[in-house]
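Report on the following structure.
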Amino acid sequence: MRVRLALALVALFTGSVLVSMAGAQTQVALTPPMGWNSWNYFAEKVDDKGIRAAADQIVATGMKDAGYVYVNIDDTWEGERDANGVIHSNSKFPDMKALADYVHSKGLRIGIYSGPGTKTCAGYAASLGHEQQDAKTYAEWGIDYLKYDLCSFTPDVMEKRSPHDKAVQMKLMTDAYEKMGKALAEATKATGRPIVYSLCQYGWDSVWEWAPALGGNLWRTTGDIDASWDRIYAIASQQAGLEGYAGPGHWNDPDMLEVGNGHLSLAENRTHFSWWALLAAPLLAGNDLPNMKPEIKAILTNKDVIAIDQDPLGKQGKRAYSEGEVEVWTRELQGGGTAVAVINVGSDRYSTHPFHLDLKRLGLAGGQTGKNLWTGETVTLRDREPIELASHDILLVRVDHPKR
Ligand code: GLA
C-alpha cells in the first residue's frame with residue numbers, strides 16, 4: 001500500500017515537472033513547425049543563393065500565406081573554427097547574418113543544422129565542446145531553429161567512452177541533447193529570439209519519452225525518409241502508438257516531406273502530405289521550389305489539409321484499425337470535430353470488391369456529413385460504405401459535427 005502511495009506521488013511529481021518544463025517551451029512550436037529544408041532535394045549542393053531563392057519562392061507561391069515560415073539550412077554550411085573556437089560558415093555561405101536578415105525581411109524565419117559530435121553526418125564541423133559558443137553564434141546571426149543531428153557522436157563519444165554498456169551510451173546521448181537545449185535557452189535570453197530545438201537521433205532510446213523535458217520541440221522518430229512510397233509507408237506505420245507523446249510545443253517528427261521529389265505518383269504525394277497532417281507532423285517541404293509543378297503546389301498549399309496539421313488542439317491522429325491493405329486513421333480536432341482518413345496502402349480496390357468502412361470502429365454512429373478535403377465536395381460517410389480507392393490513394397474527410 002505504502003509502495004503504491006509512493007509511486008503515485010512520484011508519478012504526480014514527475015508529471016508536474018514535465019508540465020511546468022513543457023510550459024516553459026510553449027513559446028514556440030505551439031503547432032507543428034512549417035517551412036522548407038534544403039536536404040531532401042539539394043543535399044550538399046545547398047548555398048546562399050539557393051536559400052534566398054527558396055525564401056523568395058515561399059512568398060511567391062503562396063506557401064507563406066498557407067503557413068510555411070521556416071527556411072532551414074541543413075548539413076554542409078559549416079566552415080572552420082577560428083583561433084577562439086568560433087564557427088564560421090564555408091564559402092557557399094559568405095555571410096550568415098546577412099542571409100538571416102534577408103530571410104527575415106521576407107517575414108520568414110531561418111533554421112540551421114549541427115550535431116553533438118565532432119562531425120556532422122556529411123563530415124563537416126559539429127558542436128562537441130563548443131555547444132555554448134555555437135548557440136551564441138546562432139543567436140547572434142538571428143537563427144530561429146536548430147536541427148541537432150547525432151551522427152558522429154555515436155563513434156566519437158558513446159562507443160569510445162563506453163564500448164560495451166549501452167545504458168551508459170544512452171545517458172551520454174541524452175546529456176548531450178540536454179547540454180545544447182540549455183545552451184540555446186541561455187543564448188536566446190540575450191536576444192529574446194527563441195530557437196526551435198529539433199532533435200535528430202533517429203528515434204533511439206524512445207526519444208519521445210525524454211525529449212520534451214530537456215527542451216526539445218520536435219524529435220525524429222525514425223531513420224531517414226526517401227522519396228519512395230515504401231519508405232513513406234514504413235515511417236507512417238511506425239508512428240502508430242506515439243500519439244500520446246505529441247502536443248503543443250513538442251511533436252513527433254516522422255522526417256521532412258518528400259512531396260514533389262523522386263517519382264512519387266500524385267496519389268502518393270497526396271497521401272504522404274495528408275498522413276503527415278493527421279500525425280501532427282512538422283510540415284517541412286523538401287522539394288525544388290523554383291521548379292515546383294502546379295499540382296505539387298496545390299498539394300503543399302491545400303489549406304484544409306494544413307488546417308488538420310495545424311489544429312490548435314494539437315492531438316496527433318491515430319490508427320483506428322486496419323483491414324488488410326487498407327488503414328483507417330482518425331484525428332480529433334478542436335471543437336469536437338474529427339478527421340477520418342481511409343488509406344489504401346496496397347493495390348487498387350475496384351467496385352467489384354470495394355473496402356467497407358465500419359464507423360462503429362471509429363466510435364461513430366450513423367451517417368457522418370463532412371468535407372472531402374481533396375475534392376472539396378460535401379460527402380456523407382455511412383456505415384458499411386463501399387469505398388473504391390486507387391493504389392496508395394487516400395480519402396480524407398473532415399467531419400465538424402460527428403455523431404457518436
Ligand atoms: C542525417 C539526417 C538527415 C540529414 C543528413 C545530413 O542523415 O537524418 O535528415 O540532415 O543527416 O547530412
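In each ligand, atom 1 is the first atom listed, and ligand 1 is the first ligand listed. These values consider heavy atoms only, across backbone and side chains, with no hydrogens, waters or symmetry-generated copies.
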In order of chain and number, which residues sit within 4.0 Å of ligand 1 by heavy atom? Trp39, Asp74, Asp75, Tyr113, Cys121, Ala122, Lys147, Asp149, Cys200, Tyr202, Arg220, Asp224, Met256
How far does CG of Asp75 sit from OG1 of Thr120, to the nearest 0.5 angstrom? 3.5 Å
Does Lys171 pair with Asp175 as a salt bridge, N-O distance under 4.0 Å? yes
Check the side chains of Tyr124 and Glu44 for a donor-acceptor pair under 3.5 angstrom, ignoring hydrogens and angles. no
Does Asn84 use its side chain to pair, donor to acceptor, with the backbone of Val86 at less than 3.5 Å? no
Could you state the interatomic distance from CG (Asp358) to CD (Glu323), rounded to the nearest 0.5 Å? 8.0 Å
What I want to find out is whether Asp156 reaches Lys160 closely enough, with some N-O distance under 4.0 Å, to be called a salt bridge. no
